[in-house]
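Atom set for the values below is all heavy atoms of this structure, side chains included, hydrogens, waters and symmetry mates excluded.
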Amino acid sequence: MVNEAKLSSQSTSGSTYRAAEQSSPAVGVQDFSSAISMVLPLTCAVCFRLTRHTHTMDLSGFEADNSVSCRLASAVPDVCRTEDCCLGIDEAGRGPVLGPMVYGICFCPISKKDDLKDLKVADSKTLTEAEREALFLKLDEAKDFVGWALQILSPNTISTSMLRRVKYNLNALSHDAAIGLVQYALDCGVQLKEVFVDTVGPAEKYQEKLSQQFPGVEVTVRPKADSLFPIVSAASICAKVARDHAVKFWKFAENLGDVDSDYGSGYPNDPKTKSWLLKYLDPVFGYPQFVRFSWSTAQTLLESKAVTVHWDDDEEDGEKAASRQKCASVLSYFGRTKPSGSGREPHRFFSERKLQTLDTL
Amino acid sequence: MSSKKKRSPNTSNDMWVVVAADSAVAAPRPQDGDPVMVKLRSPSTGVASLYMFGSGNAQVYEVKAFNEDYHSWFIGQTVHRDGKLLYITPVDPLYLLLPYMIQAAKEGKFQPLHQMLIDEDFPACTRLLNCKQTETSIGHVAEEKEVGSQKFYRYSREKTMEWLKKKVDKTVTALKNAKISVGEGVKSTTYIRVKQECDGREEDYLRYAHGLISEYISEDLSKDLLKHLQLPEVTSPKKAEPPSKKRKVSDKPVEAEEDYTKFNSTDFARKPPKKMTAAQKSLAKVDKTGMKTMSAFFSPKAKTEKAEW
Amino acid sequence: MVQTGGIRGSEFCDDAGRKKPAVDSRMSSNASVITVQLGSFGQAEKPQVHLLPCEIEHDGPAEVSRYFTPAVKHCKNEMSVSFRGRGLRGAETSCPHGYSGLVLKEDHKPASDQEDRTVRISSVFHHFTYWNLETHPTSDDGVVMAMTWPALAQAIHGPVD
């Protein structure tokens, strides 16, 4: 696949943004949220470029390793460190079976709310891709009072989190990403007073959670907040532009050669998405990391068309399975190896190492 | 997630991933032929177990499997479902010979080794005669007499105990070198690190090493060895066995020693001697548990190894 | 497979019940020999080998170098990758000194367990990568612990003075 972002890197225009890339464990036993707050001193440039008619966002910080979670951010306007600010949060790409989910924040001084309105930012869903790109450029031009940051949750992060031994569901994942971004703004010295959040889930609980997390900040969680508050619309534009860009220029970690990039919307009911999923199904590996394995669409296809894979925690909660597994393996070990008629059990050196004698190859 | 599929049995395996001693797959001379895997009696349990003889039967190996549930292999550009990892490690042939020698010793005779090694259920056992280590170390477990060009042997308990003690000592050293946790009551590997400081007790090492050696000897020998090492027997709660009566006498000859050829080996394998001396009777009486195992060991079966050699 | 007391119990009963015929058939197969053809050593492949923490119900081709190997990430002594959407952490492990990894392949399955068999050495390797499901590789991992066996076997089975 041709990476347009890379090829056109000389034709950069506009401002250069600071990006704080962070390595978060794609997998693991650590809590994801703690990893989110751990920002490595790795920075990379995020820039705007004009490519034909569209403005695209350079996601090279994410593309360097699109299997993990990555944070990209603009510079923080000086005024945001001295004046009371509002901040909007929105997400893009929650539903699709393909590509990353992007969390975006946008912030500006409360006193500049009208200036933001004048930029005519609107709910990203009501805009065309080109309109979103244009608005993103406008936001960039307003960099003296508007700042933004993104958390890109790679599909691999989503899969491995949701399918973890100790399940980490999408809601928790989203909340932690949002909290991580707000914390990031605070850590940068943004004088946060108001936070507006768009949500699909129950608003009250989420609002309570965020209010507790950030005392002294007035938190408003509201369904369709992206059409009600311009700062949320701005955040949704940032998130959507990043998500579209990441999907369009997806750099496959796998060695797949030229991949048909006609993924469709990525929503399971889109025929294009469906046929892409069928075309790229591998009987052993299933899919490239671009696909969210934790989506039922992917799971159903794999169950019917790929070879069956069994894990030691299948069908059970992680902890329960782990202890059962330990117990069962010891039992089955003795059950298998104890020769009939002999009461001798193998020495624990062997049982602990799961070494058993064989009577045939 | 919807319903998970049940695991189907893996019945058609035709590949094995193995970690093998380099000597096991070395062919020093082409005329010695390829290594072979055969079944032999496990010296501790008496059941058929898989062993391997290197080229020319020069060395015998055992085959163990690391078998953790839910594992598979990628080998190059293939997937191999069976996640076992086999280990092919050298075995001291004396362990495998001992049950036969002890059985033969019940006759009290010195016998050529090949006469003791008759086991129609496991014809491959005669390959043990070719092992280099058999020749060089048989003296550790038997008294030897040479008549003309032929060598005759008789199992010696004293020698065997000394030999096993040396084995235990070597194993203790290896356990220490490998930093293997030997403390009592360590059941789960997760405790090992915590327990490690408490280890170090010499008795724990001895007991652990004794346990490992016991994997290769009969239960009776294992108990004798425990005594020989002056380790008190640990009574396991589930077995309320009466304390086994150990024979106090040494392995002094129980019958006229010089008659090496009295017993035809096939007769010996198939039927008990017609007449028992008083000493033999007393021996049979005290050694009941051993006898029982042994008679199971040597149940006659007409079968010969098909391999030509 | 879930082991319940009932299943296990009945398996034991089965074993006891079938004891006689089982012993007979086993006895008859005790004489068969499996020859390990060394002639195949020279042509053996030297593939990359991975031990996965899951059972894949499949024997046969897999596009490992397309889907798996390029996605493996190295960080210090640890590696990470995902398989079927599950996070794996792995480490390289080597065969003990004096030992080699072999893959034995049986090209013709015998019709009965009394027939002699032949296997050839289809692959040779000296190290492989083992993968844990999500947990960091440590010296307590089963396969690492099992690798201590050859050194112990040497002590138990080597000649004494």
So what's closer than 4.5 Å to chain B heavy atoms on [X]: side chain, backbone, both or neither?
X: C:Val119; answer: side chain
X: C:Glu57; answer: both
X: C:Lys105; answer: both
X: C:Gln48; answer: backbone
X: C:Phe83; answer: side chain

So how far is it from [X] [atom1] to [Y] [atom2], rounded to the nearest 0.5 Å?
X: B:Lys170; Y: C:Gln154; atom1: NZ; atom2: CD; value: 6.0 Å
X: B:Tyr87; Y: C:Cys95; atom1: OH; atom2: SG; value: 8.0 Å
X: B:Ser72; Y: C:His58; atom1: OG; atom2: NE2; value: 10.5 Å
X: C:Leu51; Y: B:Ile75; atom1: CG; atom2: CD1; value: 10.0 Å
X: B:Leu85; Y: C:Met147; atom1: CG; atom2: CE; value: 5.0 Å
X: B:His80; Y: C:Ser123; atom1: NE2; atom2: OG; value: 10.5 Å

How about [X] and [Y]: do any of their side-chain heavy atoms sit closer than 4.5 Å?
X: B:Val38; Y: C:Val33; answer: yes
X: C:Met145; Y: B:Phe66; answer: no
X: C:Tyr99; Y: B:Thr89; answer: yes
X: B:His140; Y: C:Val160; answer: yes
X: C:Leu104; Y: B:Met37; answer: yes
X: C:Leu152; Y: B:Ile180; answer: yes
X: C:Ile156; Y: B:Asp92; answer: no

Give me the contact list for residues 126-133 of chain C versus chain B, heavy atoms only, anything under 4.5 Å, ordered by residue number.
C:Phe128

Select, from [options], the one with the greatest count of heavy-atom pairs under 4.5 Å involving chain B.
options: C:Gly101, C:Ser65, C:Ala151, C:Ala153; value: C:Ser65
options: C:Ser122, C:Pro150, C:Pro159; value: C:Pro159
options: C:Gly60, C:Gly39, C:Pro53; value: C:Gly60
options: C:Thr35, C:Ile56, C:Asp107; value: C:Ile56
options: C:Gly142, C:Pro47, C:Gly98; value: C:Gly98
options: C:Asp59, C:Leu52, C:Val64; value: C:Leu52

With a 4.5 angstrom heavy-atom cut-off, could you sort out which part of [X] is near chain C: side chain, backbone, both or neither?
X: B:Phe53; answer: neither
X: B:Ala26; answer: backbone
X: B:Asn10; answer: side chain

Report yes or no: does [X] contribute a side-chain atom to a donor-acceptor pair with the main-chain N or O of [Y] at less than 3.5 Å?
X: C:Asn30; Y: B:Lys39; value: no
X: B:Gln77; Y: C:Pro61; value: no
X: B:Lys167; Y: C:Gly158; value: yes

Describe, in one word, how the ring planes of B:Trp73 and C:Phe125 are oriented to each other, choosing from parallel (under 30°), tilted (30 to 60°) and perpendicular (over 60°).
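The rings of B:Trp73 and C:Phe125 sit tilted, inter-plane angle from 30° to 60°.
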
Can you tell me if C:Glu78 has over 12 outside heavy atoms packed within less than 6.0 Å of its CD?
yes

Does B:Lys165 have more than 12 heavy atoms from other residues, nucleotides or ligands lying within 6.0 Å of its NZ?
no

Quick note, salt bridge (Lys or Arg N to Asp or Glu O under 4.0 Å) partners involving residues 53-67 of chain B, not counting sequence neighbours, are B:Glu62-B:Lys64

Does anything in residues 146-161 of chain C form a salt bridge (Lys or Arg N to Asp or Glu O under 4.0 Å)? List the pairs, not counting sequence neighbours.
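For residues 146-161 of chain C, and leaving out neighbouring residues, there are no salt bridge (Lys or Arg N to Asp or Glu O under 4.0 Å) pairs at all.
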
Choice from [options] maximising heavy atom contacts with chain C below 4.5 Å:
options: B:Lys166, B:Met15, B:Glu215, B:His71; result: B:His71
options: B:Pro90, B:Ala174, B:Ser137, B:Ala178; result: B:Pro90
options: B:Glu68, B:Gln133, B:Met52; result: B:Gln133
options: B:Asp22, B:Asp169, B:Thr78; result: B:Asp22

Looking at B:Val91, B:Thr171, B:Leu94, which one forms a side-chain contact (heavy atoms from CB on, under 4.5 Å) with C:His157?
B:Val91

By side chain to side chain donor-acceptor pair (under 3.5 Å), B:Asp32 pairs with (sequence neighbours left out) B:Arg29

C:Leu102 and B:Ala20: which non-hydrogen atoms are nearest, and at how many Å?
CD1-CB, 3.9 Å

